[in-house]
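Everything on this sheet refers to the single structure shown next.
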There are 2 protein chains.
Amino acid sequence: MGRVIDEREPQPQAERVLCGLINGLAKQIEAHVRVRAATLGLTTSQGVALRELTGPMTLRELAERMSCEPSNATFVADRLEEQGYLERHPHPGNRRAKQLVLTPAGTELRERLLRLLFEESPLAPLSSAEQETLQRLLARAVVDR
Amino acid sequence: MGRVIDEREPQPQAERVLCGLINGLAKQIEAHVRVRAATLGLTTSQGVALRELTGPMTLRELAERMSCEPSNATFVADRLEEQGYLERHPHPGNRRAKQLVLTPAGTELRERLLRLLFEESPLAPLSSAEQETLQRLLARAVVDR
DNA sequence: CTAGAATCATTCTAATTGCAATCATTCGAG
DNA sequence: CTCGAATGATTGCAATTAGAATGATTCTAG
(Lines give C-alpha, C1' and ligand atoms only; values in the text may rest on other atoms or scores of the structure.)
Protein backbone atom coordinates (compact mmCIF):
# COMPACT_ATOMS: atom_id res chain seq x y z
CA MET A 1 0.00 0.00 0.00
CA GLY A 2 2.20 2.86 -1.16
CA ARG A 3 1.32 6.44 -0.43
CA VAL A 4 -0.31 7.96 -3.44
CA ILE A 5 0.16 11.54 -2.35
CA ASP A 6 2.66 13.53 -0.28
CA GLU A 7 5.86 15.20 -1.33
CA ARG A 8 8.62 13.21 -2.94
CA GLU A 9 11.41 14.68 -0.80
CA PRO A 10 11.48 13.98 2.93
CA GLN A 11 12.90 17.30 4.11
CA PRO A 12 10.02 19.61 3.16
CA GLN A 13 7.64 17.05 4.58
CA ALA A 14 9.41 16.94 7.94
CA GLU A 15 9.47 20.72 7.93
CA ARG A 16 5.73 20.87 7.26
CA VAL A 17 4.96 18.40 10.06
CA LEU A 18 7.09 20.38 12.48
CA CYS A 19 5.39 23.64 11.56
CA GLY A 20 2.01 22.03 12.09
CA LEU A 21 3.02 20.73 15.52
CA ILE A 22 4.36 24.09 16.66
CA ASN A 23 1.26 25.90 15.49
CA GLY A 24 -0.96 23.21 16.98
CA LEU A 25 0.69 23.43 20.38
CA ALA A 26 0.49 27.22 20.32
CA LYS A 27 -3.24 27.04 19.63
CA GLN A 28 -3.61 24.41 22.32
CA ILE A 29 -1.92 26.64 24.88
CA GLU A 30 -4.09 29.52 23.72
CA ALA A 31 -7.22 27.44 24.23
CA HIS A 32 -5.99 26.50 27.69
CA VAL A 33 -5.54 30.16 28.57
CA ARG A 34 -8.94 31.00 27.06
CA VAL A 35 -10.79 28.56 29.32
CA ARG A 36 -8.98 29.57 32.53
CA ALA A 37 -9.10 33.29 31.78
CA ALA A 38 -12.83 33.05 31.10
CA THR A 39 -13.42 31.82 34.64
CA LEU A 40 -11.88 35.10 35.82
CA GLY A 41 -13.88 37.25 33.41
CA LEU A 42 -10.96 37.80 31.05
CA THR A 43 -10.49 37.29 27.34
CA THR A 44 -7.69 35.14 25.95
CA SER A 45 -5.35 38.02 25.18
CA GLN A 46 -6.07 39.62 28.51
CA GLY A 47 -4.99 36.34 30.06
CA VAL A 48 -1.82 36.21 28.00
CA ALA A 49 -1.06 39.82 28.89
CA LEU A 50 -1.54 39.16 32.57
CA ARG A 51 0.67 36.09 32.34
CA GLU A 52 3.44 38.11 30.72
CA LEU A 53 3.19 41.11 33.05
CA THR A 54 5.87 39.84 35.40
CA GLY A 55 6.47 43.40 36.54
CA PRO A 56 6.27 47.00 35.39
CA MET A 57 7.07 47.15 31.71
CA THR A 58 6.54 49.30 28.66
CA LEU A 59 3.73 48.68 26.23
CA ARG A 60 6.19 47.76 23.53
CA GLU A 61 7.80 45.16 25.74
CA LEU A 62 4.40 43.67 26.51
CA ALA A 63 3.64 43.50 22.80
CA GLU A 64 6.93 41.68 22.17
CA ARG A 65 6.22 39.18 24.92
CA MET A 66 2.75 38.61 23.50
CA SER A 67 4.15 38.36 19.96
CA CYS A 68 1.59 40.85 18.71
CA GLU A 69 1.41 44.37 17.31
CA PRO A 70 1.67 47.30 19.72
CA SER A 71 -1.80 48.41 18.68
CA ASN A 72 -3.23 45.20 20.06
CA ALA A 73 -1.30 45.59 23.28
CA THR A 74 -2.82 49.07 23.57
CA PHE A 75 -6.26 47.54 23.11
CA VAL A 76 -5.69 44.88 25.76
CA ALA A 77 -4.15 47.37 28.18
CA ASP A 78 -7.22 49.59 27.75
CA ARG A 79 -9.52 46.80 28.80
CA LEU A 80 -7.38 45.80 31.79
CA GLU A 81 -7.20 49.43 32.82
CA GLU A 82 -10.98 49.84 32.55
CA GLN A 83 -11.40 46.83 34.81
CA GLY A 84 -9.02 48.30 37.36
CA TYR A 85 -6.26 45.74 37.02
CA LEU A 86 -3.68 47.96 35.35
CA GLU A 87 -2.42 51.54 35.44
CA ARG A 88 -0.39 53.55 32.96
CA HIS A 89 2.33 55.43 34.81
CA PRO A 90 4.72 57.94 33.27
CA HIS A 91 7.96 56.19 32.44
CA PRO A 92 10.91 57.48 34.45
CA GLY A 93 13.47 58.84 32.02
CA ASN A 94 11.45 58.52 28.81
CA ARG A 95 8.46 60.75 28.47
CA ARG A 96 7.04 59.09 25.38
CA ALA A 97 6.99 55.65 26.98
CA LYS A 98 4.51 54.58 29.62
CA GLN A 99 5.02 52.06 32.33
CA LEU A 100 2.31 49.48 32.73
CA VAL A 101 1.85 48.64 36.39
CA LEU A 102 -0.55 46.12 37.90
CA THR A 103 -2.81 47.37 40.67
CA PRO A 104 -3.11 45.29 43.83
CA ALA A 105 -6.28 43.79 42.35
CA GLY A 106 -4.37 43.04 39.16
CA THR A 107 -1.52 41.40 41.04
CA GLU A 108 -3.93 39.24 42.98
CA LEU A 109 -5.78 38.29 39.79
CA ARG A 110 -2.52 37.41 38.10
CA GLU A 111 -1.54 35.05 40.90
CA ARG A 112 -4.91 33.35 40.69
CA LEU A 113 -4.54 33.03 36.91
CA LEU A 114 -1.04 31.57 37.19
CA ARG A 115 -2.30 28.93 39.58
CA LEU A 116 -5.11 28.04 37.17
CA LEU A 117 -2.74 27.96 34.20
CA PHE A 118 -0.32 25.69 36.00
CA GLU A 119 -3.02 23.11 36.69
CA GLU A 120 -3.47 20.63 33.86
CA SER A 121 -1.05 22.49 31.63
CA PRO A 122 -0.70 21.25 28.04
CA LEU A 123 3.00 20.97 28.80
CA ALA A 124 2.42 18.66 31.74
CA PRO A 125 3.02 15.47 29.69
CA LEU A 126 6.66 16.53 29.44
CA SER A 127 9.09 16.05 32.31
CA SER A 128 11.12 18.96 33.64
CA ALA A 129 14.15 17.73 31.75
CA GLU A 130 12.16 17.47 28.55
CA GLN A 131 10.76 20.95 29.04
CA GLU A 132 14.29 22.25 29.46
CA THR A 133 15.37 20.54 26.26
CA LEU A 134 12.36 21.97 24.47
CA GLN A 135 13.12 25.43 25.78
CA ARG A 136 16.73 25.20 24.66
CA LEU A 137 15.81 24.09 21.15
CA LEU A 138 13.09 26.70 20.73
CA ALA A 139 15.39 29.44 21.99
CA ARG A 140 17.94 28.42 19.36
CA ALA A 141 15.35 28.76 16.59
CA VAL A 142 13.76 31.96 17.77
CA VAL A 143 16.89 33.99 18.43
CA ASP A 144 16.74 36.18 15.36
CA ARG A 145 13.94 38.68 15.39
CA MET B 1 21.20 43.02 42.42
CA GLY B 2 18.26 40.75 43.14
CA ARG B 3 15.22 40.65 40.92
CA VAL B 4 12.55 42.90 42.32
CA ILE B 5 9.76 41.36 40.31
CA ASP B 6 8.91 37.97 38.82
CA GLU B 7 7.16 35.05 40.40
CA ARG B 8 8.46 33.51 43.56
CA GLU B 9 8.21 29.94 42.32
CA PRO B 10 10.37 28.74 39.43
CA GLN B 11 7.88 26.38 37.83
CA PRO B 12 5.22 28.84 36.67
CA GLN B 13 7.99 31.08 35.42
CA ALA B 14 9.56 28.31 33.32
CA GLU B 15 6.12 27.46 32.04
CA ARG B 16 5.48 31.08 31.05
CA VAL B 17 8.81 31.33 29.23
CA LEU B 18 8.12 28.13 27.34
CA CYS B 19 4.66 29.30 26.29
CA GLY B 20 6.15 32.55 25.04
CA LEU B 21 8.77 30.71 23.00
CA ILE B 22 6.25 28.39 21.41
CA ASN B 23 3.94 31.24 20.53
CA GLY B 24 6.86 33.32 19.29
CA LEU B 25 8.14 30.59 17.01
CA ALA B 26 4.63 29.97 15.67
CA LYS B 27 4.31 33.66 14.82
CA GLN B 28 7.76 33.62 13.28
CA ILE B 29 6.85 30.72 11.03
CA GLU B 30 3.61 32.48 10.14
CA ALA B 31 5.53 35.60 9.16
CA HIS B 32 7.85 33.47 7.06
CA VAL B 33 4.89 31.97 5.22
CA ARG B 34 3.32 35.40 4.82
CA VAL B 35 6.33 36.84 3.02
CA ARG B 36 6.82 33.86 0.67
CA ALA B 37 3.10 33.44 -0.02
CA ALA B 38 2.82 37.13 -0.88
CA THR B 39 5.35 36.70 -3.68
CA LEU B 40 2.91 34.18 -5.19
CA GLY B 41 -0.15 36.39 -4.72
CA LEU B 42 -1.42 34.43 -1.73
CA THR B 43 -2.41 35.41 1.79
CA THR B 44 -0.84 33.80 4.83
CA SER B 45 -3.62 31.32 5.45
CA GLN B 46 -3.80 30.47 1.78
CA GLY B 47 -0.11 29.64 2.04
CA VAL B 48 -0.64 27.49 5.10
CA ALA B 49 -3.54 25.73 3.42
CA LEU B 50 -1.47 25.02 0.34
CA ARG B 51 1.37 23.74 2.50
CA GLU B 52 -0.97 21.34 4.30
CA LEU B 53 -2.79 20.13 1.19
CA THR B 54 -0.52 17.13 0.73
CA GLY B 55 -3.27 15.42 -1.22
CA PRO B 56 -7.04 15.23 -1.55
CA MET B 57 -8.62 15.75 1.83
CA THR B 58 -11.82 16.84 3.45
CA LEU B 59 -12.41 20.37 4.58
CA ARG B 60 -12.50 19.32 8.19
CA GLU B 61 -9.12 17.63 7.86
CA LEU B 62 -7.67 20.77 6.34
CA ALA B 63 -9.05 22.80 9.24
CA GLU B 64 -7.45 20.42 11.72
CA ARG B 65 -4.10 20.64 9.97
CA MET B 66 -4.35 24.42 9.95
CA SER B 67 -5.47 24.44 13.60
CA CYS B 68 -8.40 26.68 12.76
CA GLU B 69 -12.19 26.57 12.66
CA PRO B 70 -13.89 24.85 9.72
CA SER B 71 -15.55 28.14 8.82
CA ASN B 72 -12.15 29.65 8.14
CA ALA B 73 -11.09 26.68 6.08
CA THR B 74 -14.25 27.21 4.02
CA PHE B 75 -13.25 30.83 3.52
CA VAL B 76 -9.71 29.95 2.44
CA ALA B 77 -10.91 27.17 0.15
CA ASP B 78 -13.29 29.64 -1.49
CA ARG B 79 -10.44 31.96 -2.34
CA LEU B 80 -8.21 29.19 -3.65
CA GLU B 81 -11.10 27.88 -5.71
CA GLU B 82 -11.81 31.33 -7.17
CA GLN B 83 -8.18 31.56 -8.20
CA GLY B 84 -8.37 28.18 -9.91
CA TYR B 85 -5.99 26.34 -7.60
CA LEU B 86 -8.53 24.10 -5.91
CA GLU B 87 -11.69 22.17 -6.70
CA ARG B 88 -14.41 20.75 -4.48
CA HIS B 89 -15.22 17.23 -5.57
CA PRO B 90 -17.97 15.06 -4.15
CA HIS B 91 -16.51 12.77 -1.54
CA PRO B 92 -16.68 9.10 -2.49
CA GLY B 93 -18.77 7.32 0.12
CA ASN B 94 -19.85 10.35 2.14
CA ARG B 95 -22.24 12.73 0.48
CA ARG B 96 -22.03 15.43 3.15
CA ALA B 97 -18.27 15.69 2.88
CA LYS B 98 -16.38 17.24 0.00
CA GLN B 99 -12.96 16.36 -1.23
CA LEU B 100 -10.61 19.26 -1.76
CA VAL B 101 -8.40 18.57 -4.77
CA LEU B 102 -5.64 20.77 -6.15
CA THR B 103 -5.82 21.58 -9.84
CA PRO B 104 -2.65 21.18 -11.93
CA ALA B 105 -2.07 24.91 -11.45
CA GLY B 106 -2.55 24.47 -7.72
CA THR B 107 -0.13 21.57 -7.58
CA GLU B 108 2.48 23.55 -9.44
CA LEU B 109 1.97 26.56 -7.19
CA ARG B 110 2.28 24.36 -4.12
CA GLU B 111 5.61 23.00 -5.28
CA ARG B 112 6.90 26.51 -5.88
CA LEU B 113 5.69 27.55 -2.44
CA LEU B 114 7.34 24.59 -0.74
CA ARG B 115 10.64 25.46 -2.35
CA LEU B 116 10.32 29.06 -1.13
CA LEU B 117 9.35 27.94 2.36
CA PHE B 118 12.28 25.59 2.61
CA GLU B 119 14.74 28.35 1.81
CA GLU B 120 15.86 30.28 4.89
CA SER B 121 13.40 28.46 7.09
CA PRO B 122 13.12 29.66 10.71
CA LEU B 123 13.90 26.07 11.65
CA ALA B 124 17.16 26.06 9.73
CA PRO B 125 19.30 26.89 12.81
CA LEU B 126 18.44 23.44 14.12
CA SER B 127 20.16 20.34 12.83
CA SER B 128 18.17 17.41 11.51
CA ALA B 129 18.72 15.54 14.76
CA GLU B 130 17.54 18.52 16.77
CA GLN B 131 14.48 18.89 14.59
CA GLU B 132 13.66 15.24 15.20
CA THR B 133 14.01 15.75 18.95
CA LEU B 134 11.81 18.80 18.74
CA GLN B 135 9.21 16.93 16.75
CA ARG B 136 9.19 14.06 19.22
CA LEU B 137 8.73 16.37 22.23
CA LEU B 138 6.02 18.44 20.57
CA ALA B 139 4.16 15.33 19.48
CA ARG B 140 4.16 14.11 23.08
CA ALA B 141 2.59 17.37 24.26
CA VAL B 142 0.06 17.76 21.50
CA VAL B 143 -1.39 14.25 21.50
CA ASP B 144 -4.61 14.97 23.32
CA ARG B 145 -7.05 17.03 21.31
C1' DC C 1 -37.07 0.33 10.53
C1' DT C 2 -36.83 4.75 12.96
C1' DA C 3 -36.05 8.68 15.83
C1' DG C 4 -32.56 11.26 17.90
C1' DA C 5 -27.70 12.28 18.16
C1' DA C 6 -23.64 13.21 15.65
C1' DT C 7 -20.98 14.85 11.67
C1' DC C 8 -19.73 17.85 7.54
C1' DA C 9 -19.94 22.00 5.35
C1' DT C 10 -21.65 26.55 5.05
C1' DT C 11 -23.39 31.14 6.45
C1' DC C 12 -23.75 35.06 9.40
C1' DT C 13 -22.12 37.93 12.98
C1' DA C 14 -19.01 39.64 16.36
C1' DA C 15 -14.51 39.83 18.16
C1' DT C 16 -9.73 39.90 17.38
C1' DT C 17 -5.77 41.13 14.95
C1' DG C 18 -2.60 43.38 11.73
C1' DC C 19 -1.28 47.41 9.15
C1' DA C 20 -0.66 52.19 7.87
C1' DA C 21 -0.86 56.84 9.47
C1' DT C 22 -0.22 60.21 13.19
C1' DC C 23 1.53 62.71 17.18
C1' DA C 24 4.94 63.39 20.68
C1' DT C 25 9.45 62.62 22.18
C1' DT C 26 14.27 61.22 21.74
C1' DC C 27 18.46 60.19 19.28
C1' DG C 28 22.36 61.18 16.28
C1' DA C 29 25.09 63.13 12.49
C1' DG C 30 27.23 67.25 11.23
C1' DC D 1 22.81 73.58 18.59
C1' DT D 2 19.67 71.71 15.03
C1' DC D 3 17.29 69.10 11.78
C1' DG D 4 16.09 64.69 10.02
C1' DA D 5 15.60 59.93 11.42
C1' DA D 6 14.05 56.80 14.85
C1' DT D 7 11.16 55.35 18.70
C1' DG D 8 6.84 54.79 21.73
C1' DA D 9 2.09 54.94 21.92
C1' DT D 10 -2.28 55.62 19.90
C1' DT D 11 -6.03 55.75 16.37
C1' DG D 12 -8.81 54.22 12.45
C1' DC D 13 -9.61 50.89 9.17
C1' DA D 14 -9.37 46.54 6.76
C1' DA D 15 -8.68 41.73 7.00
C1' DT D 16 -8.67 37.62 9.53
C1' DT D 17 -10.60 34.62 12.79
C1' DA D 18 -13.72 32.39 16.06
C1' DG D 19 -18.28 30.98 17.49
C1' DA D 20 -23.12 29.97 17.05
C1' DA D 21 -26.83 28.65 14.02
C1' DT D 22 -28.48 26.08 9.91
C1' DG D 23 -29.22 22.39 6.49
C1' DA D 24 -27.97 18.02 4.70
C1' DT D 25 -26.35 13.50 5.54
C1' DT D 26 -24.86 9.64 8.37
C1' DC D 27 -24.66 6.95 12.49
C1' DT D 28 -26.71 4.32 16.29
C1' DA D 29 -29.58 2.68 20.04
C1' DG D 30 -33.70 0.32 20.57
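Order of the sequence lines fixes the chain letters, A, B, ..., with proteins taken first and strands second; residue numbering starts at 1 for each chain. Bear in mind that the values here come from a model prediction, so they are computed numbers and not experimental data.
End-to-end axis angle of the helix from C:dC1-D:dG30 to C:dG30-D:dC1, from C1' rotation axes over five pairs per end: 50° (rounded to 10 degrees).
Qualifying salt bridge (Lys or Arg N to Asp or Glu O under 4.0 Å) partners for A:Glu82, counting only residues two or more places apart in sequence or in other chains: none. Partners of A:Glu61 under the salt bridge (Lys or Arg N to Asp or Glu O under 4.0 Å) rule, at least two apart in sequence or in another chain, are A:Arg65. Among residues two or more places apart in sequence or in another chain, the salt bridge (Lys or Arg N to Asp or Glu O under 4.0 Å) test is passed with B:Glu81 by B:Arg88. Every side-chain hydrogen bond (donor to acceptor under 3.5 Å, both in side chains) that B:Ser127 has, sequence neighbours left out, goes to B:Glu130. Legend: residues meeting salt bridge (Lys or Arg N to Asp or Glu O under 4.0 Å) with A:Glu119, ordered by chain and number and at least two apart, are absent. A search for side-chain hydrogen bond (donor to acceptor under 3.5 Å, both in side chains) contacts involving B:Glu132 returns nothing, not counting sequence neighbours.
The nucleotide range of DNA chain D contacted by chain B, defined by atoms under 4.0 angstrom from heavy atoms of the protein and reported 5' to 3', is D:dT16 to D:dT26.
Within residues 79-100 of chain A, the residues having any heavy atom under 4.0 Å from DNA chain D are, by residue number, A:Arg88, A:Arg96, A:Ala97, A:Lys98. Taking a 4.0 Å limit (strictly below) on heavy-atom distances, residues 35-43 of chain B reaches DNA chain D at B:Thr43.
Contact annotation: B:Ser71 side-chain N/O to C:dA9 OP1/OP2 distance is not under 4.0 Å.
B:Thr44 comes within 4.0 angstrom of no nucleic acid atom, judged by non-hydrogen atoms across all strands.
Every pair passing salt bridge (charged side-chain N to carboxylate O under 4.0 Å, His left out) that includes a residue from residues 19-48 of chain A is listed here, sequence neighbours excluded: A:Arg36-A:Glu120. Residue pairs meeting the salt bridge (charged side-chain N to carboxylate O under 4.0 Å, His left out) criterion with at least one partner in residues 93-104 of chain B, sequence neighbours excluded, are absent.
Comparing A:Asp78 and A:Arg34, the nucleotide of DNA chain D nearest to each residue sits closer to the 5' end for A:Asp78.
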